[in-house]
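For clarity, every value in this text was computed on a predicted model and none was experimentally measured.
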Amino acid sequence: MNQEAWKKVEAAIEASKGTTIRQLFAADPARAERYTASAAGWTLDYSKNRIDANVMKALLKLAEAANLKAEIEKMFTGEKINRTENRAVLHTALRNCDPAAKVLVDGKDVMPDVRAVLAKMSAFADKVRKGEHKGFTGKRIKYVVNIGIGGSDLGPAMATIALAPFSKRGIKCFFVSNVDSTHLAETLREVKADQTLFIVASKTFTTQETMTNALSARTWLIEKLPSVNPNDVVSKHFVAVSTNAEEVSKFGIDTANMFGFWDWVGGRYSLPSAIGLSLMISIGPANFRKLLKGYWKMDKHFRTAKLDRNLPVILALLGILYANGYHAESYAVLPYDQYLSRLPAYLQQLDMESNGKSVTKDGKPVTYTTGPIEWGEPGTNGQHSFYQLIHQGTHLIPCDFIGFCKTHNAIADHHDKLMANFFAQTEALAFGKTAEQCRADGDPENLVPFKTFEGNRPTNTLLADELTPETLGALIALYEHKVFVQGVIWDIYSFDQWGVQLGKVLAKNVLKDLTADKPSLKHDSSTNALIARYRKVLGR
């Protein structure tokens, strides 16, 4: 992070610390309008933050000092900005809706391949939805089970729930990710073998958790649908999202039903790729393309808008303000829509796997905070759970509130009450309640300290007309680009994830000791003792 530019941010923070959000609003009747921006169907009101003109100016200078505009162009044009893996970062190419667009990687235009995979996905999804792709016994598919983990699970699982109003209700989608056998077992209890399509999502087709679940599902299917040639059954009920044709074929999947993607697509950015096949089957190719259009609209806004009106940039700078300037350790994402119940979990991976880094791009230890902890739950459930700590606790927790003017399920006055809470919570967090207001309300003096709300708790409000495939795509892209901007300013690599590898490697050695006749037990004393206890309980 550019230290000279950051010192100016710190100076602006220090100069403004004595002024509360309440005072900022009182001093500027046009504050809400001044700090509101819109793009791709979304309006961002960021007026309820600890910012004034000088703080925002300093933050924008920080972005400029990081050469942000140039870094954005490097990503969109296919430069290999993922240096530790020598890869381009081109999830934006997956949703480029310009029919004339060309995006080059190593001199090759990747867009023809992107369009070809999308067309292949669309044709297959249509066959499943129309009942033309039948199971081994000739019955139509009514259940889709996506087997993947990480980005191969979180994205399609989140989006399938989010876009349920646009789904084909005669097809039920399930998602199995955890290697815990309970996840697979409980899913298989919900489906019928002769009407189930399994999608195995693994780029290499070697991911331990995914392939363990896939092989067990394969065994279950063959037992339920016996045949002289088991692969005849498997080929009707399994498809693959992978690039490893050899392993896919060994598994028994017809490689004609293998949908590829590329090493320039990170897992947590892969929903618009073939990883979204389960979603496309659920909502149909037309709605899937609307999702891509929403992504594309936000991509264009991010690439072309001025920094001071750029939604991802604004969110990123505010996050840096609190993480680095106010030492906030986390932020909450609070969607006031039940369909977005899995959005916080999706954003956890996006943010924490991307920017959970402790060395700069030149390999030196960082000297400042990176990668805040992201968490959240849908409103109004969270209000009866953790909002107490946000309102009156000792932690500063900036919050993003996400809501929609229209509901897909108009029942009595439910939506009005939901949105009344949505608007009221940001008001309460910003302005609080003074001791004088408590006394004016007649609260006994001994209770005044307990009923006083400090306020000055920062929030962003993201509001769209309605949750649709297009607004969902734009929302995801908004957060993707926010994370990218923060990585650029922090001078870290956001598109690798070496931290997830060590545990996987060690697990292979531990597995041998759990199952071997004579374990080597060459671990630390704690791990050795735990393995021994486990083996004793199982009689090994």
Indicate, with yes or no, if the rings of [X] and [Y] have centres closer together than 6.0 Å.
| X | Y | value |
| --- | --- | --- |
| Y336 | F404 | no |
| F76 | H91 | no |
| F124 | H133 | yes |

If you round to the nearest 0.5 Å, how far is [atom2] of [Y] from [atom1] of [X]?
| X | Y | atom1 | atom2 | result |
| --- | --- | --- | --- | --- |
| S216 | L188 | OG | CG | 9.0 Å |
| T187 | L184 | OG1 | CG | 6.5 Å |
| L90 | Y269 | CG | OH | 13.0 Å |
| Y493 | K357 | OH | NZ | 10.5 Å |
| T77 | L104 | OG1 | CG | 9.0 Å |
| N421 | D416 | CG | CG | 11.5 Å |

So, do [X] and [Y] sit near enough that their side-chain heavy atoms are less than 4.5 Å apart?
| X | Y | result |
| --- | --- | --- |
| V200 | F205 | yes |
| I147 | I199 | no |
| L511 | K508 | no |
| H481 | T92 | yes |
| F238 | V145 | no |
| R540 | T515 | yes |
| H523 | I531 | yes |
| V179 | Q208 | no |

Looking only at heavy atoms, what is the nearest atom pair of P112 and D109, with distance? CD-O, 3.4 Å
Which atom of L221 lies closest to which atom of A193, heavy atoms considered: CD1-O, 3.6 Å
So, applying side-chain contact (heavy atoms from CB on, under 4.5 Å) with D496, which one of R83, R87, E85 is it? E85
Residues [X] and [Y]: side-chain donor-acceptor under 3.5 angstrom:
| X | Y | result |
| --- | --- | --- |
| T207 | S202 | yes |
| N355 | S494 | yes |
| T206 | N244 | no |
| N381 | Y387 | no |
| E209 | N178 | no |
| D524 | T527 | yes |
| T471 | T468 | yes |
| R218 | N231 | yes |

Under 3.5 Å, sequence neighbours excluded: what are the donor-acceptor pairs made by side chains of residues 344-353?
{"residue": "Y346", "atom": "OH", "partner": "R268", "partner atom": "O", "Å": "3.4"}
{"residue": "Q348", "atom": "NE2", "partner": "E374", "partner atom": "O", "Å": "3.2"}
{"residue": "Q349", "atom": "NE2", "partner": "E353", "partner atom": "OE1", "Å": "3.3"}
{"residue": "D351", "atom": "OD2", "partner": "Y331", "partner atom": "OH", "Å": "2.7"}
{"residue": "E353", "atom": "OE1", "partner": "R268", "partner atom": "NH1", "Å": "2.9"}

Test: E190 and K172 ion pair at under 4.0 Å: no
So, K236 and D254, do they make that salt bridge, N to O below 4.0 Å? no
E470: which of K290, R289, K297, R95 passes salt bridge (charged side-chain N to carboxylate O under 4.0 Å, His left out): K297
Applying the salt bridge (charged side-chain N to carboxylate O under 4.0 Å, His left out) test to D194, which of K139, K134, K224 qualifies? K139
Less than 6.0 angstrom from the centroid, inside 45 degrees of the normal: does K120 satisfy that with respect to the ring of F259? yes
Can you say whether the rings of F174 and Y143 are parallel (under 30°), tilted (30 to 60°) or perpendicular (over 60°)? tilted
I'd like to know whether K108 forms a salt bridge (charged side-chain N to carboxylate O under 4.0 Å, His left out) with D113, so could you lay out the CA-CA distance, the side-chain angles of the two residues, the decisive distance to 0.1 Å, and finally the verdict. CA-CA 10 Å; K108 179 187 176 182; D113 289 342; 3.1 Å; yes
Do side-chain atoms of S273 reach the backbone of S270 as a donor and acceptor pair under 3.5 angstrom? yes
